[in-house]
Amino acid sequence: MTPGKELRLIRPMLIIEPANPLDPGPHALLTQSHAMMQDLFDPEENYVLGFDALCAPEVLFIVAREGTKVLGTGALVRMEGYGEIKSMFTTAETRGRGVGAAILRALEDRAREEGIPMLRLETADILAGAVRLYERHGFTRCGRFGAYEANDASVYMEKALQPLGESAD
């Protein structure tokens with residue numbers, strides 16, 4: 001190394017893009033997510049979307065990747081009057097690096113582009129990092145919605161979206 005020159009580490013660029021949940025990288029990460037949810041929650045408290053559901057036409061499934069390595073997943077399910085955020089998951093080694101935030105922003109941007117007025121999601125207090133992520137991005141707790149059954153684990157959150165071109169003031 002030349003004196004006075006700093007060594008600069010170059011990180012691969014984070015790419016957020018639509019993907020097929022059945023492809024090997026996304027499938028492996030979703031399998032980890034589903035296993036974690038099964039370990040944490042009783043079956044009646046577990047609302048993961050299966051692989052077939054993630055392939056439905058009303059679902060936008062995206063991944064975050066660096067090179068070919070899939071670091072996170074997320075989905076936007078188009079519902080009547082709102083969009084639901086599902087399948088948010090990042091690898092353990094990338095948590096805290098902004099990968100989940102990047103996925104959430106991409107899903108929110110897409111919802112705005114499509115004119116979806118509200119985003120909703122179901123999570124749990126035991127997933128404290130996820131709750132903090134959603135709160136940082138403007139989600140607030142709300143009542144149960146959709147077909148969710150009452151249980152002691154679920155937390156429901158929502159965020160009203162401003163249409164493209166309108167300010168929040």
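The figures here come from the full heavy-atom set of this structure, side chains too, leaving out hydrogens, waters and symmetry mates.
- Scored by the side-chain hydrogen bond (donor to acceptor under 3.5 Å, both in side chains) test, Thr94 finds Thr91 as partners (sequence neighbours excluded).
- Residues Leu30 and Val48 are members of one and the same hydrophobic cluster, defined by side-chain heavy-atom contacts under 4.5 angstrom among Ile, Leu, Val, Met, Phe, Trp and Tyr.
- Here the straight-line distance linking atom CE of Met157 with atom CG of Leu121 works out to 6.5 Å at 0.5 Å rounding.
- Interatomic distance, CG of Leu76 versus OH of Tyr82, reported as 11.5 Å (0.5 Å rounding).
- The same ILVMFWY cluster, assembled from side-chain heavy atoms under 4.5 Å apart, contains both Ile116 and Leu60.
- At least one side-chain heavy atom of Cys55 sits less than 4.5 Å from a side-chain heavy atom of Asn20.
- With values rounded to the nearest 0.5 angstrom, His34 atom NE2 is found 9.5 Å from Leu29 atom CG.
- Open room surrounds CG on Asp152; 12 or fewer heavy atoms of other groups in view lie less than 6.0 Å from it.
- Under the 4.5 Å side-chain heavy-atom criterion for ILVMFWY residues, a single connected hydrophobic cluster contains both Met118 and Val77.
- Distance alone, capped at 3.5 Å, is enough to place a donor-acceptor pair between the Arg78 side chain and the Glu58 backbone.
- A salt bridge does not link Glu84 with Arg120: none of the charged nitrogens is closer than 4.0 Å to a carboxylate oxygen.
- Environment of CG in Asp52: sparse, with no more than 12 heavy atoms of neighbouring residues, nucleotides or ligands closer than 6.0 Å.
- Open room surrounds CD on Glu149; 12 or fewer heavy atoms of other groups in view lie less than 6.0 Å from it.
- Classified by interplanar angle (parallel below 30°, tilted 30° to 60°, perpendicular above 60°), the ring pair Tyr47/Tyr148 is perpendicular.
- Counting only residues at least two apart or on different chains, the side chain to side chain donor-acceptor pair (under 3.5 Å) pairs with a member in residues 132-141 are Asp125-Arg141.
- In this structure, the side chains of Met36 and Phe89 come closer than 4.5 Å at one or more pairs of heavy atoms.
- Residues Met88 and Leu161 are members of one and the same hydrophobic cluster, defined by side-chain heavy-atom contacts under 4.5 angstrom among Ile, Leu, Val, Met, Phe, Trp and Tyr.
- In this structure, CD1 in Ile62 is found 3.5 Å from CG in Leu107, a value given to the nearest 0.5 Å.
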